[in-house]
Amino acid sequence: MADRTYLVTGGCGFIGSCFIRMILDRDPQAQVINLDLLTYAGNPANVASIEESPRYRFARVDVRDLAGLESWVEQSDVIVHFAAESHVDRSTSEAAGAFIDTNVGGTFALLEAMRRYRPEARFLQIGTDEVYGDIEAPNEPDEDALLLPSSPYSASKAAADHVALSFERTHGLDVLVSRCTNNYGPYQYPEKMIPLFITNALENIPLPLYDGGTQIRDWLRVEDHCEAILLLLGSGESGEIYNIGANQRPERTNADITKMILECLGQSESGVEVREGLRPGHDQRYAVSTQKIRSLGWMPQRDITDGIEATVRWYADHRDWWTPLKSGAYRTFYEAHYGSGASDFKTS
Ligand code: NAD
Ligand code: TYD
């Protein structure tokens, strides 16, 4: 079998780095090019375990830079586009413009580079279930459902999905879109709820639970997401959209997940601090139908209780990974966003 070159954007982030580790491990023919701008969320430590591999190359490239993409795109067989601004709470601030620039403009530039320099490649747009908006129980939107994004983040991702599919329809490129539910696991930047709550609990500082914690997310372990991506790269159809999710039963609220984290650490709920109004437009529930990808043979392999326990253990064992991330620029964001509730934030 011939070598296959995977161009991965955002491979120093949470999900992209998991995908790179997985593809190098699973496919001995795989060559990986990781293009990442190394924003605050991009961390070379996430790929430290494979950086010496002769099948791995990294370049610091902005996906919005068409000229910078050319030489990389022309040598690729498969493009997996993870790079994005990904934190909803940043998108509800004056930083929203970066979401439109990177998530829409970056997706466009990458597709345009593929159209010009490597039109035979396959392109997977990594999307999110948040594009469907707030979903009333017990509904589970399928891939044809209306898009009703609530935040600038999800709106930018919805626009990026449309741009990607327009290149399939207009230019006949091989493009598909996946839309996954919330991921959790190792190497997730500690601004997202699960790693934030685990690391705050480990530091004995408050867990800022928004709006009573009644909201539902369909948490999926990051490795399950990456396995779904691998399957879609081989068996997904061009022009199609595939939802990916755990379909948790029972559905878990943020308060349930918080309780699970604290139980793993043997801590009481006294550290939970209910915060109101920190997330304008807060969606109550996300859910998706995953019948389409399940019909291709995928299903999640990891149970949420075991998954949370393993994740708590990973953060407890990798303080050296997250301690530097919770200082510097992130501390500034934390204090600005969480305000006086952040007064106990003592990592420096
Ligand atoms: P992340 O924030 O951990 O990583 C994003 C990466 O993109 C970082 O390495 C960053 O440096 C890089 N990046 C940002 N702007 C860039 C640019 N202009 N050029 C090149 N690189 C740039 O994000 P994540 O959680 O790993 O999410 C990856 C993708 O998966 C995103 O597209 C996100 O929308 C999608 N997604 C995430 C989740 C989730 O729960 N985290 C769920 C569904 C879909
Ligand atoms: P998050 O991890 O930011 O992912 P997303 O917004 O993409 O779903 O948030 C998950 C849920 O956790 C969401 O309902 C908001 C809530 N949340 C908190 O309660 N406190 C926090 O500090 C954060 C960051 C999120």
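Just so you know, ligand 1 is whichever comes first in the structure, and atom 1 is the first atom listed for that ligand.
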So if I count the atoms of ligand 1 from 1 in the order they appear, which ones are less than 4.0 Å from some heavy atom of [X]?
| X | answer |
| --- | --- |
| Ser86 | 1 (P), 2 (O), 23 (O) |
| Asn182 | 40 (O) |
| Gly42 | 8 (C), 9 (O), 10 (C), 11 (O) |
| Thr181 | 42 (C), 43 (C) |
| Val61 | 19 (N), 20 (C) |
| Asp62 | 17 (C), 18 (N), 19 (N) |

Please work out, at 4.0 Å between heavy atoms, whether the side chain, the backbone, both, or neither of [X] comes within that distance of ligand 1.
| X | value |
| --- | --- |
| Asn43 | neither |
| Tyr153 | side chain |
| Thr102 | side chain |
| Glu130 | neither |

Tell me whether [X] has any N or O atom under 3.5 angstrom from an N or O of ligand 1.
| X | value |
| --- | --- |
| His225 | no |
| Asn183 | yes |
| Asp36 | yes |
| Thr39 | yes |
| Phe14 | yes |
| Phe82 | yes |
| Ile15 | yes |

| query | Should Gln215 be counted as touching ligand 2, given the test is an N or O pair under 3.5 Å? | reply |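 Checking ligand 2 against Gln215, no N or O pair falls under 3.5 Å apart.
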| said: Counting non-hydrogen protein atoms only, what is the nearest one to atom 7 (O) of ligand 2? Give residue, atom name and distance. | reply: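 Here the nearest protein heavy atom works out to Glu130 OE2, 2.5 Å.
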| message | I'd like to know whether ligand 1 has Gly127 as a neighbour, heavy-atom separation below 4.0 Å. | response |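 Yes, Gly127 has a heavy atom closer than 4.0 Å to ligand 1.
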| query | Does a side-chain N-to-carboxylate-O contact under 4.0 Å join Asp77 and Arg118? | reply |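 Salt bridge: yes.
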| Got a salt bridge between Glu237 and Lys292, using NZ or NE/NH1/NH2 to carboxylate O under 4.0 Å? |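 Not counted as a salt bridge, because no side-chain N and carboxylate O are separated by less than 4.0 Å.
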| contact_flag Tyr153 ligand 2 heavy-atom lt 4.0 Å |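 No heavy atom of Tyr153 comes that close to ligand 2.
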| Is it true that His282 lies under 4.0 Å from ligand 2, counting heavy atoms only? |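 Under 4.0 Å: yes for His282.
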